[in-house]
Amino acid sequence: MRSEFAYASPSSLGEALEILKDFGERTCVIAGGTDLMIAIREGELRAELLVDISRIPELRLIREEGNQICIGPLVTHGELASSGLIKKGASVLGRAANSVGSPQIRNMGTIGGNIINASPAADTIPALVVLEAQVTLKKREGERSLPITDFYLGPYKTIIGAQELLTKITFAKLDDTWKSSFIKLARRKALAISRINIAVLAKMDEMRAKEVRVSIGSSTPTPCRMEKAEAVLRGAVPSAAVIEEASRIVAEEMVARSGVRPSTEYKRPAVQGLVKKALQEAFNIGL
Amino acid sequence: MKTNYVGKSVPRVDALEKVTGQAIYCVDVELPGMLYGAVLRSPLAHARIIEIDKSAATRVPGVKAVVTGNDFPYTFGHMVKDQPFLAMDKVRYVNEPLAAVAADTEAAAQEAVEKIQVKYEELPAVFDPRKAAATGAPIIHENLERYDHSSMYKIVPGTNVCTHMTYSRGDVDKGLSEADEIFQNEFYIHPVAHTPMETHAAVVQHDPSGRVFTVWSSTDAPYQRAKDLANALGLSFNQVHFLSTYSGGGFGGKGAIVAEGIGVALARFTKGRPVKVVFSRQEELTASQVRLEAFLKLKTGVKKDGTLTARVAEITWDNGAYSSKGPEVARRGAMTIFGPYRTPHIRFVSQLVYTNKQPSGAYRGFGTNQVTWACEAQMDIIANKLGINPVEIRLKNFYQDGDRYINGQVMQAAGLRETLEKASQEIGWGEQYSRSTGALVRGKGIATTIKGTATPTDSYCFIKVNFDGSITVLTSSVEIGAGQKTVLAQIAADSIGVPLDSILIPNPDTHVTPFDFGVTSSRTTYHMGNAIRMAGQKVRKEILEIAADVLGANPQRLLLCEGKIMDKDSEHEVSLKEIMTKKYGGKGGTILGDGHYTPARSSIINAEHKIQWMGSIFWMWATHAAEVEVDTETGVVKVLRIAAAHDVGRAINPMACEQQIEGSVIMGISNTLFEEFKMDRGRIMNDTFADYKVASMLDLPVIVPIIVESHHSEGPFGAKGIGEPALSPTAPAIANAIFDALGIRFNELPITREKVLSALRERDPVQ
């Protein structure tokens with residue numbers, strides 16, 4: 001049976017925060033609804049009041065603030081994928097957003113929803129992790145900002161309070177010394193949840209990789225960076241051997257973090273192979 | 001003969017109606033006073049029903065009927081009458097219907113379903129047909145031998161074996177002793193869903209005074225379904241009235257009583273109010289029917305030069321909990337396990353076994369997918385071991401015109417060789433090419449298939465020439481989405497000599513349109529096409545006689561072309577409309593022509609005594625050639641290109657043929673590399689399209705359909721069929737290409753990336 005609930009549709013951020021303040025634990029926030037509508041249809045919504053924030057225009061902006069890019073939580077995957085600002089200053093996020101679902105899902109599903117839903121398979125999260133994004137959580141009494149890697153407690157679990165709303169996502173705009181890649185492996189090429197996704201950022205200084213950031217999704221309990229592999233790549237001149245080594249370390253790190261599971265037999269070599277491809281693409285090294 | 005429409009890719013006659021949303025599918029049917037049905041389904045795979053308490057359900061506002069198997073204690077079955085409309089005494093698979101509710105709204109029906117209480121006694125269940133066939137297995141149908149069934153299907157009493165069949169020809173021991181090499185291999189092919197866009201649906205109305213059930217349905221064979229329902233309920237054919245709607249995809253899945261049965265059980269208790277039953281996608285995936293899972297063992301004797309000397313085949317098929325068309329799939333499928341190859345000594349054992357799973361049934365290919373998978377993979381194994389080119393070994397053993405089929409039928413094999421030559425040429429078979437780039441490795445593979453059509457089966461039609469020259473064709477061939485109306489209208493237009501747009505083919509109505517065996521077995525173009533051609537020639541003759549009378553001319557000297565009657569001598573031209581108006585103006589009138597086609601008396605199917613039924617009035621040949629690229633780091637198989645060459649006899653509508661080929665190849669790629677049910681104790685875990693993954697457009701390669709026309713001597717304008725054979729060679733062609741790329745043979749479907757990567761690591765442990 002379909003879930004039953006009351007419905008509120010605030011038209012300003014202030015109004016939304018008031019509602020969350022008053023009803024807190026009894027609420028659930030809905031934006032694009034691509035996850036929640038299914039739960040509602042299945043009768044799985046655990047809330048009495050659905051707070052629809054989709055009519056709050058100020059949460060729907062992509063802005064440049066100094067050298068920062070600032071994204072509202074209602075920005076859809078489709079909007080991210082087609083934004084000139086994202087393409088130029090954070091293309092890895094645009095590509096990640098473009099790999100989600102289908103055009104219909106990308107046009108409804110929001111980045112805020114992708115972050116809050118906290119699925120280990122979320123496609124924008126590894127991109128946001130390598131961008132070292134900060135998320136801002138606001139409640140009526142005030143706000144706090146924290147790195148996205150500190151936001152997650154586990155699969156589908158975050159630290160957001162019942163009275164808080166995610167109001168923006170910010171990260172430093174990248175210049176063109178940064179190269180990037182995003183690779184997704186799913187059961188098919190469209191309308192499929194990632195089994196493995198990988199985001200790579202590399203800041204190049206002539207031939208040398210000055211800084212490299214790697215994050216893999218769908219493979220670790222919480223989003224994280226692959227620091228051991230990054231250390232191997234930092235300062236190195238990218239070569240087949242270095243890439244091979246880094247890929248191997250990522251696969252090991254993945255297993256160390258998630259433990260050996262039935263899927264590990266496939267995922268360990270596949271992660272290694274995909275990281276190799278992602279690094280080759282970022283460093284623009286042929287096969 | 002010169003044709004105006006046959007052989008041309010005319011647009012679908014129903015295209016406008018469909019793209020504008022005007023076409024009525026079963027799920028669109030709305031009637032005054034209509035109620036909505038919902039179904040309570042079993043949570044257990046095998047259990048005795050102790051008690052069903054429906055009292056709370058009946059009290060839900062808006063509920064008009066709550067029906068259980070006790071209330072409607074009938075069973076049905078097309079081949080074996082083993083299936084209750086609603087479970088009685090036992091449930092035999094997860095999601096078997098147990099009770100149904102009809103209510104004013106879907107929500108009320110669903111709420112009532114959730115309030116029905118059932119007590120079960122769980123029974124041991126069996127899911128593997130090989131285990132189910134073994135002694136000591138839990139018995140799924142205790143009264144199997146007492147079920148009504150056709151004598152064609154041999155039941156083994158006291159077991160789960162629903163159909164057992166053996167057949168041999170020649171002396172296999174002799175054949176094997178003549179071989180230089182004997183190959184023994186085992187193969188597995190998994191069950192898959194039909195995944196039509198339109199799920200199973202029915203609207204049923206019961207008229208209590210006349211005891212007539214009227215059934216709106218998108219089934220592929222309204223006569224068969226009406227007959228089966230009448231038989232189940234003890235009614236006459238006239239008391240089960242089927243009205244066909246457009247069908248949103250069948251692929252064999254609509255070839256059984258599914259939603260119709262629920263609708264009938266409910267409508268019996270709703271006092272004349274119609275009831276609509278539409279399956280959810282979960283119900284479609286878990287409780288309609290699937291392709292028969294099969295385990296196949298082949299033992300084949302071969303000479304050093306590749307000549308086949310003998311083959312012994314053993315097939316165990318999974319029937320699921322009830323017999324849809326499984327018994328016939330197990331028979332007809334087994335017969336083509338020898339492929340399109342001359343094999344002097346053969347034997348097969350085919351057994352169909354009940355399990356506690358969703359029923360299996362017809363699936364595009366009707367057993368050919370399963371046997372072609374084994375046969376064509378083994379041909380490649382043989383070719384590889386003997387060092388013979390896979391193309392050459394097939395050419396060497398192919399049927400030639402005049403060779404005899406396994407029942408002694410003389411083969412018409414023209415076209416077979418050409419499919420192989422054209423498909424392999426299209427993918428550059430034998431040419432040098434770059435086989436690997438980094439982790440990516442390429443390979444090419446081919447596979448051929450043979451598919452017959454159920455023989456003999458009949459088709460009837462009426463053609464009505466109306467008083468204004470417009471034409472109505474009355475046929476029970478359903479437009480299942482493959483272009484049946486278009487192709488039949490083309491045949492009608494050219495047979496009569498009228499414009500295509502003067503022809504109307506209404507949807508079938510079993511109170512009006514005459515018998516047809518069904519849109520099944522790739523038979524419609526050939527069988528109904530022939531019936532329409534015969535009726536068309538009759539009305540053409542009558543039109544010319546009337547025209548001669550009206551014009552005072554010699555009918556022998558008149559021509560009818562594009563709706564115009566021309567006098568060959570005077571070149572005087574009159575329109576059909578004018579003739580009809582002159583003849584029937586004022587009071588009106590109709591010219592009627594009937595057509596009945598049966599292949600029963602054709603010499604083509606002459607065979608050995610009593611086994612004529614194994615043959616086919618026409619044989620469809622096809623070869624698929626695939627090129628794949630395997631990513632050895634992730635196990636992902638990407639199909640780059642598939643060339644699919646099909647001998648269709650004659651393409652009535654080349655574009656429609658190409659669409660059938662492309663659609664089949666897409667299905668083939670999808671079920672080879674993507675589709676797989678995940679089962680847990682009989683429950684299908686991936687029961688939505690989010691989890692049951694069908695290939696998306698982005699996963700598909702370049703598909704090159706190739707039409708070969710061998711012109712069948714008795715087909716309408718030379719046509720045969722195309723609906724089914726385009727699917728079965730795809731899987732083995734891909735598997736053979738993967739072998740060519742990696743040197744690794746996958747004998748079990750589907751070929752997942754996990755299996756590929758695991759096999760690669762087994763081969764190269766250091767990697």
Side-chain angles (χ1 to χ4, degrees), chain A residues 1-4 34-35 37-39 41-43 98-105 119 121 183-198 219 240 243-244 247-248 250-251 261-281 285-287, chain B residues 38 60 106-115 280-282 436-441 630-639 669-670 673-676 678 686-701 750 752-762 764-767:
Chain A
M1 288 293 280
R2 194 176 278 267
S3 304
E4 290 187 7
T34 52
D35 288 307
M37 289 305 291
I38 295 166
R41 205 172 54 218
E42 300 288 321
N98 201 39
S99 76
V100 171
S102 62
Q104 294 90 330
I105 290 171
S119 160
I183 288 189
K184 165 171 174 168
L185 180 74
R187 292 223 171 262
R188 63 182 171 203
K189 286 192 186 157
L191 255 176
I193 293 166
S194 284
R195 294 202 67 209
I196 302 168
N197 52 20
I198 295 165
S219 306
I243 287 174
E244 190 73 54
S247 312
R248 195 183 52 75
V250 170
R261 306 149 71 103
S263 60
T264 308
E265 188 198 341
Y266 176 72
K267 273 199 171 176
R268 191 202 311 248
V271 160
Q272 189 174 337
L274 283 175
V275 170
K276 205 164 121 184
K277 288 184 213 310
L279 291 173
Q280 283 166 342
E281 190 186 319
I285 288 182
L287 296 162
Chain B
V60 173
E106 285 179 77
Q110 196 54 50
E111 188 186 338
V113 157
E114 286 164 23
K115 291 193 169 153
S280 68
R281 187 57 65 179
Q282 279 96 334
S436 68
T437 325
L440 306 176
V441 186
V630 185
D631 184 329
T632 54
E633 288 172 346
T634 59
V636 173
V637 175
K638 184 176 172 188
V639 182
I669 291 169
S670 187
L673 300 174
F674 295 87
E675 295 176 44
E676 183 177 25
K678 300 284 184 196
N686 52 341
D687 62 358
T688 69
F689 272 169
D691 297 316
Y692 184 90
K693 288 275 188 263
V694 176
S696 77
M697 274 302 174
L698 294 179
D699 298 297
L700 298 172
T752 61
R753 48 197 66 175
E754 287 85 353
K755 284 187 199 167
V756 173
L757 200 54
S758 160
L760 278 164
R761 288 171 65 79
E762 203 171 300
D764 312 317
V766 284
Q767 197 183 15

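Naming convention: chains lettered A, B, ... in sequence-line order (proteins, then strands); numbering from 1 in each chain. Everything quoted here is computed from the prediction, not taken from an experiment.
- For B:Asp691, no part lies under 4.5 angstrom from a heavy atom of chain A.
- Remark: A:Ser3 engages no residue in a side chain to side chain donor-acceptor pair (under 3.5 Å) (not counting sequence neighbours).
- Between A:Lys277 and B:Ala439, the shortest heavy-atom distance links the atoms NZ-CB, 4.2 Å.
- The nearest pair of heavy atoms linking B:Glu633 to A:Gly273 is OE1-O, 3.4 Å.
- Interface check for chain B: of the options A:Lys267, A:Glu265, A:Arg195, the most heavy-atom pairs under 4.5 Å are formed by A:Arg195.
- Residue A:Ala186 touches chain B through its backbone alone, counting heavy-atom pairs closer than 4.5 Å.
- Neither the backbone nor the side chain of B:Lys755 comes within less than 4.5 Å of any heavy atom of chain A.
- For the pair B:Leu757/A:Pro269, a side-chain contact is recorded, criterion being any heavy-atom separation below 4.5 Å from C-beta on.
- In terms of heavy atoms, A:Ala192 sits closest to B:Lys693 at CB-CE, 3.6 Å.
- Heavy-atom pairs under 4.5 Å with chain A were tallied for B:Glu114, B:Gln110, B:Arg753; the largest tally goes to B:Arg753.
- With sequence neighbours left out, B:Lys115 forms a salt bridge (charged side-chain N to carboxylate O under 4.0 Å, His left out) with B:Glu111.
- Only the side chain of B:Val636 comes within less than 4.5 Å of a heavy atom in chain A; its backbone stays farther off.
- B:Thr634 and A:Ala270 make their closest contact through CG2-O, 4.2 Å (heavy atoms, listed as atom of the first residue, atom of the second, distance).
- Ranked by heavy-atom pairs under 4.5 Å with chain A, the list B:Val694, B:Thr752, B:Asp699 is led by B:Asp699.
- By the 4.0 Å N-to-carboxylate-O rule, B:Glu754 lies close enough to A:Arg187 to be salt-bridged with it.
- Within the 4.5 angstrom heavy-atom criterion, no atom of B:Glu106 approaches chain A.
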